[in-house]
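Okay, so here's the structure we're looking at.
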Amino acid sequence: MIRPWRCVSVVASAMLATVMFLLVGCAPEISPPATTAAASPVPSPTLAPVTFASIELGGTALTLIYSDRSLPQQFAYFSDPVLAIAALSKEFGEKPAVETLVATHCSVTQKRASWGDGFTLSYNTETVDGAPTFIVRSDAPQTPGGVVVTTASGFGVGDPISSLIAATPGVVVHGQNAVDTAGLSAYFDLDANGIGAVAISDAKSGLIRLLTAPVGRSQDC
C-alpha cells in the first residue's frame, strides 16, 4: 500500500525537475564578444634628407650650416686647417687642388687648397706667433657643389656692397666707389685689434667680387 504523502512528494519532485530542465533549455545563448577590427597603421612621416646648406664667413670663424638647422660645424681661423679642409672636402664631395705659395715680405710659405674656381683655404706651413693658421676666400656666388657663401647678414659675391654696408653693424668702409679706384673695402666682424672679414666690390658695378677672412683693417699686405 502506497501512502498518499509519498506519492505527492514523488510527483512534486518530478515536476520540479521538469521545470528546471525547461528553464535551462530556454536560456538565451550568449554571443561571443565582437572582435575589433585591427586599426590601420599610421604611416611614418617622410623626413627630408639633411643637406649642406651654406657657408658663413665671419670675422673669427668659418661656419658650415645644414638644411635642418642642426648644430653647425665651426672652424676658428686659429684652429687646425686639416680639419677644416677635411670637412669642406666631405661636404663639397671632392678633394681640393693644392698648390704651394712661396713666402713674401707679408707671409710665410703657405699651401692653398682650392675647390673649383670659387673657394680657397690658404694655410701656413709653419707656426707664426699671433697669426691665424688659415685664411679663407670666396670669389664666386657659389661653391662647386652649389652651396652659397655669405656673411652673417646674408650677403655674398654678386650682391651690392651698399646693401651689405647698410645691413651690417660696425662695418668700416675704405675706398671710393668710383671707376678709377679698386672699389670699396667693407670690413666687418672686427675684433679689438681691427681683425675680421672684408668684402671688396667691383669698382664699376658696385657688386661684391670677393669675401675673405681673417684680415686686418689697417694691414699693408
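What you see is a predicted model; the values in this text were computed from it and never measured.
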Is there a donor-acceptor pair closer than 3.5 Å between any side-chain N or O of [X] and the backbone N or O of [Y]?
| X | Y | result |
| --- | --- | --- |
| N193 | I195 | no |
| T133 | S79 | yes |
| S205 | L207 | yes |
| N124 | P132 | yes |

Honestly curious: do [X] and [Y] fall in one hydrophobic cluster under the side-chain, below-4.5 Å linking rule?
| X | Y | result |
| --- | --- | --- |
| F155 | V136 | yes |
| V82 | V108 | no |
| Y77 | L101 | no |
| V198 | I135 | no |
| I161 | V171 | yes |

Does the side chain of [Y] come within less than 4.5 Å of [X]'s, by heavy atoms?
| X | Y | answer |
| --- | --- | --- |
| L121 | I85 | yes |
| Y123 | R112 | no |
| I200 | L184 | no |
| F134 | F78 | no |
| L211 | T151 | yes |
| F188 | L190 | no |
| E56 | Q74 | no |
| L88 | F119 | yes |

Determine the minimum heavy-atom distance between [X] and [Y], stating which atoms define it.
| X | Y | result |
| --- | --- | --- |
| A197 | V215 | C-CG1, 4.1 Å |
| V147 | S54 | CG1-CA, 3.3 Å |
| S138 | V157 | O-CG2, 3.5 Å |
| G116 | E94 | N-OE2, 3.8 Å |
| G59 | P214 | O-CB, 4.1 Å |
| A199 | L164 | CB-CD1, 4.0 Å |

With rounding to the nearest 0.5 angstrom, report the CD1 to CD distance, I65 to E91.
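Answer for the CD1-CD pair, I65 versus E91, is 12.0 Å.
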Taking atom OG1 of T212 and atom CG of L57, what is their separation to the nearest 0.5 Å?
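With rounding to 0.5 Å, OG1 (T212) is 7.0 Å from CG (L57).
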Just checking, is any N or O donor in the side chain of S122 or Q110 under 3.5 Å from an acceptor N or O on the other one?
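No, Q110 and S122 have no side-chain donor paired with an acceptor closer than 3.5 Å.
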Any side-chain donor-acceptor pair under 3.5 Å between T168 and S153?
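There is such a pair between these side chains.
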Trace of the side chain to side chain contact (heavy atoms under 4.5 Å, CB included) decision for T109 with V102:
CA-CA 5 Å; T109 301; V102 298; 5.6 Å; no
Would you say CZ of R137 has more than 12 non-hydrogen atoms from neighbouring residues, nucleotides or ligands within 6.0 angstrom?
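Counting other residues, nucleotides and ligands, CZ of R137 stays at 12 neighbours or fewer.
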